[in-house]
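Worksheet: one structure, shown below.
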Amino acid sequence: MKTMGLIFSNIYDSSLAELTAHRTVASLPFGGRYRQIDFVLSNMSNSGIYNIGVITKYNYRSLMDHLGNCLEWDLNRKNEGLHFIPPFASGNSGIYGGKLEALYTAKDFIEDYDYDHVVISDTVVLCNIDYRPAVESHIKSGADITIIASPKQKGDNRLHALVVKADRTGRVKEVKAPAKQEGGFLASMGMFVISRKLLLQYINETFSKGQMHLERDLILKRFKAGKLTLNAYKFNGTVLRNRDIKTYFENSMKLLDPKISDGLFFSSSPIYTKVRDEIPTYYAKGSTVDNCLMADGCTIYGTVKNSIMFRSTRIENGATVENSIIMQGSRIGKNARLDYVILDKDVTVTDGTVLCGTPEHPVIIQKGATV
Amino acid sequence: MNFKKKECVAMLLAGGQGSRLTVLTESTAKPAVPFGGKYRIIDFPLSNCVNSGIDTVGILTQYQPLQLNEYLGNGMPWGLNSNWGGVHVLPPYAKNKTSEWYKGTANAIYQNLNFIERYNPDNVLILSGDHIYRMDYAKMLAYHKEQNADCTIAVLDVPIKEASRFGIMNTDDNGIIKGFEEKPEHPKSTKASMGIYVFKWDVLERYLIEDEEDKKSENDFGKNVIPKMLKENMKLCAYPFEGYWKDVGTIESLWEANMDILGEDPPLNLKAGSRIYARNFAKASSFIAKSSKIINSYIAEGSKIYGTVINSVVSTGCTISKNAVIQNSFVMPDTIIDEGAKVYYSIIGEDSVVHKNALIGASPDTCEKSEWGITVVGKGKAVAPGAVLAPKENY
């Protein structure tokens, strides 16, 4: 049984608009040294899925630049590997109306390869998962589609695109989309297992009817009509859903909890990313670093607390950074003070500047800006 | 087939056992010994090659090559994975009638003359795998061609009182080498050989064949080949190098070189100058806990720091637990320092564990000068809880 992968790189761009003006949601930096797509790509590679299509529509230069020849993910292969699936030159702009529309552009790619199953995933749900038992569960269940889903997390009252209730064997009895996750329901992680032939059939059928939305138009509608059997594969590990700026910020800060970060990063299945050949991080005399995630190549003279520092960032003497996310190449000048701030890449904060946001609304400074 | 010609091929001598590095090289070759948090010694000459535009490097290995070979792989991390050229690991091999180990530095190159021949280079650069320095070999090569030398040797100006530790070149005013003395008692000059040679390819080939035929020769560049060339009035030039260079063949010098990257204006500044490439492993960002204290130190990715780190280099994937203290030390990759353990003026080998409350090494202020030295824990070792390792001890 051979499995291939399909990844949507910018279905959810608009939900993180302030950070996706110049990039796809897939190439959004996360966790000090990663881009969001690193998680799903590493999961697929670690699970032996080596033939992967990345469906993309616009703003994908940064994504192509990040992935390069895919060596870091061990996806530089002779007969398999990573394939970019840009849109047909159809003239319409904007993001895809939904995953089904995006899948239609990947139809040729899916047809070209002789694989048994396809794992479909987005890039905004971050976890460290082995897809092999999920595919096994799918085969054993005999269901049309397997939904990879997680149990309710404490305090999660948000709407999910898809929640399901399953019996002990995993057979789905009830589907809601969209809905809050009530007790006993599992929330979809936007990851699905489906046979390649069935996927092609669905793509053709839904496209001709103008249906675009995978969860609503295909799964919910057909399940309710009794035309679709569903299997739920329960994933009990750490799951972070970056669905908007607020959750992106919260989830970044969650990485400071070793219980959360140890659930994402462990040596038996590493998360890979692009190598940048930075030097180690230098902590000068007089610097203070409390409860922070520090990537390589940083130079710290000032004070950093409860923050995520990306590669090649610099904090000058007397500067204080708290509760903030500082992306690659940004520099914080002398005596500047930052609290609840997201600095995109290559931002310069001039000496003495004060930026203060709140946990609900962190201050976001655009890529390359000087403030 | 002119496109196959290379102007210069580098041959990197990486077969040294490194016995003076004691427990650090018990199971690994000296060039694969870690340095500076995320590098290995060989990254320096390899990165220098790439940064100097040399894309063909033969690496002569012999002693404990497994880790080194794995580290080098196809040369991709250094951009040396080209279709023609790139990195080639050259171990000794069995030939038609004979098979033998590399007898000396010159013999190692001699046994691989056919490798160099394939590229038909004008010049061959001979490098060592145990020096830490940044150098633009292109400038040395230009000097070599400008002088029309048969062989050019890079030299470093050393203090006269240290000169007797080096191979010393005696030159005339034009930088032409007139004499060479290995570790002279009364040095006549302060120009120390850095073990970096550029040879005209045809001259090198001829001298290596002659050297091999000489049964009395020890087949060593410094002892045999260079003296013979001088005797026969070949043109040997000294190329003056200015900058940081250190032979890290001993525990003390390896420790010193690591300390040389620390501070505001360090002798070896990693932050400025050409980039040093290394094979990177997939490690998450480092976690620096509230209980930690870090002063004037480098810490590489994938580490967890709960304790105190002062004037030290902590490599990738290390854990420094609560109340542990690392001071003026170099901790190699993937090592765990348990709670309450204290490490002073030491080198801790990779994949080691220093258990609770162990005390390793001492500051020079706290003991007799004659008794003080760097303490070393080898690769993959475990130091028992509460154990004490004295200065100079090799565990």
Side-chain angles (χ1 to χ4, degrees), chain A residues 30-34 38 42 45-46 69 71-74 76 128 255-258 260-262 264-267 269-301 304-312 314, chain B residues 36-39 43 47 50 73-74 76-79 81 261-264 266 268-273 275-306 309-319 333-334:
Chain A
F30 185 78
R33 58 195 301 278
Y34 302 99
D38 290 339
S42 303
S45 178
N46 289 335
N69 58 6
L71 265 168
E72 282 93 347
W73 299 266
D74 201 12
N76 184 316
N128 193 328
L255 296 177
L256 295 172
D257 178 354
I260 302 276
S261 47
D262 288 351
L264 278 180
F265 307 110
F266 40 91
S267 57
S269 65
I271 306 297
Y272 312 102
T273 191
K274 186 179 179 178
V275 168
R276 300 204 62 91
D277 290 295
E278 304 291 351
I279 66 171
T281 283
Y282 181 66
Y283 303 79
K285 195 176 169 182
S287 68
T288 304
V289 180
D290 276 355
N291 194 36
C292 288
L293 220 49
M294 307 292 295
D296 266 356
C298 306
T299 309
I300 312 295
Y301 289 96
V304 208
K305 289 179 179 172
N306 310 323
S307 295
I308 316 290
M309 300 291 293
F310 281 71
R311 300 192 267 205
S312 298
R314 187 178 171 94
Chain B
K38 60 183 292 189
Y39 307 101
D43 289 329
S47 300
V50 175
N74 64 353
M76 197 276 293
W78 304 269
N81 53 338
I261 68 174
L262 299 172
E264 277 315 299
L268 174 60
N269 193 349
L270 291 180
K271 289 177 216 156
R275 203 174 276 246
I276 305 301
Y277 304 99
R279 185 173 287 277
N280 281 253
F281 297 93
K283 296 258 165 70
S285 291
S286 287
F287 176 67
I288 313 293
K290 196 167 164 49
S291 57
S292 72
K293 187 175 163 189
I294 309 170
I295 298 171
N296 184 36
S297 296
Y298 272 107
I299 291 171
E301 271 174 346
S303 291
K304 292 181 178 174
I305 313 291
Y306 296 90
V309 182
I310 302 170
N311 304 330
S312 294
V313 176
V314 175
S315 307
T316 43
C318 289
T319 300
D334 302 314

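Numbered from 1 within each chain, the chains take letters A, B, ... in sequence-line order.
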Side chain, backbone, both or neither: which part of A:V289 has a heavy atom under 4.5 Å from chain B? both
Structural part of B:A289 lying under 4.5 Å from a heavy atom of chain A: backbone
Which bit of A:I308 comes within less than 4.5 Å of chain B, counting heavy atoms only: side chain, backbone, both or neither? neither
Most chain A-contacting option - heavy-atom pairs closer than 4.5 Å, from B:G317, B:A282, B:G37, B:A284: B:A284
Applying a strict 4.5 Å limit to non-hydrogen atoms, the region of A:F310 in contact with chain B is neither
Exam field: side chain B:K38 to backbone A:E278, donor-acceptor pair closer than 3.5 Å: yes
Taking the side chain as everything from C-beta on, heavy atoms only, tell me whether B:I299 gets closer than 4.5 Å to A:Y282. no
Taking side chain as everything from C-beta outward and backbone as N, CA, C, O, which of these in A:S42 sits under 4.5 Å from a heavy atom of chain B? Side chain, backbone, both or neither. neither
A:Y283 and B:I295: side-chain contact (heavy atoms from CB on, under 4.5 Å), yes or no, with the steps? CA-CA 6 Å; A:Y283 303 79; B:I295 298 171; over 6 Å; no
With only heavy atoms counted, which part of A:I279 is less than 4.5 Å from chain B, the side chain, the backbone, both or neither? both
Top contributor to chain A contacts, counting heavy-atom pairs under 4.5 Å, from B:A300, B:P77, B:S315, B:S297: B:S297
From CE (B:M76) to CG (A:L71), nearest 0.5 Å: 4.5 Å
CG-NZ distance between B:N296 and A:K285, expressed to the nearest 0.5 angstrom: 8.0 Å
Hey, does the side chain of A:D296 reach the backbone of B:E301 with a donor-acceptor pair shorter than 3.5 angstrom? yes
Are the side chains of A:D262 and B:K304 in touch, meaning some heavy atoms are under 4.5 Å apart? yes
Can you list every side chain to side chain donor-acceptor pair (under 3.5 Å) pair that touches residues 282-293 of chain B, not counting sequence neighbours? B:K283-B:D334
Side chains of A:P280 and B:Y39: does their closest heavy-atom pair fall under 4.5 Å? yes
Given a strict heavy-atom distance threshold of 4.5 Å, which part of A:Y301 is in contact with chain B: side chain, backbone, both, or neither? side chain
CD/A:E72 to CG/B:N280 distance, rounded to the nearest 0.5 angstrom? 8.5 Å
Contact class of A:S287 relative to chain B, heavy atoms under 4.5 angstrom: both
Contact class of A:R276 relative to chain B, heavy atoms under 4.5 angstrom: backbone
Considering only heavy atoms from C-beta outward, does the side chain of A:D290 approach that of B:I288 to under 4.5 Å? no
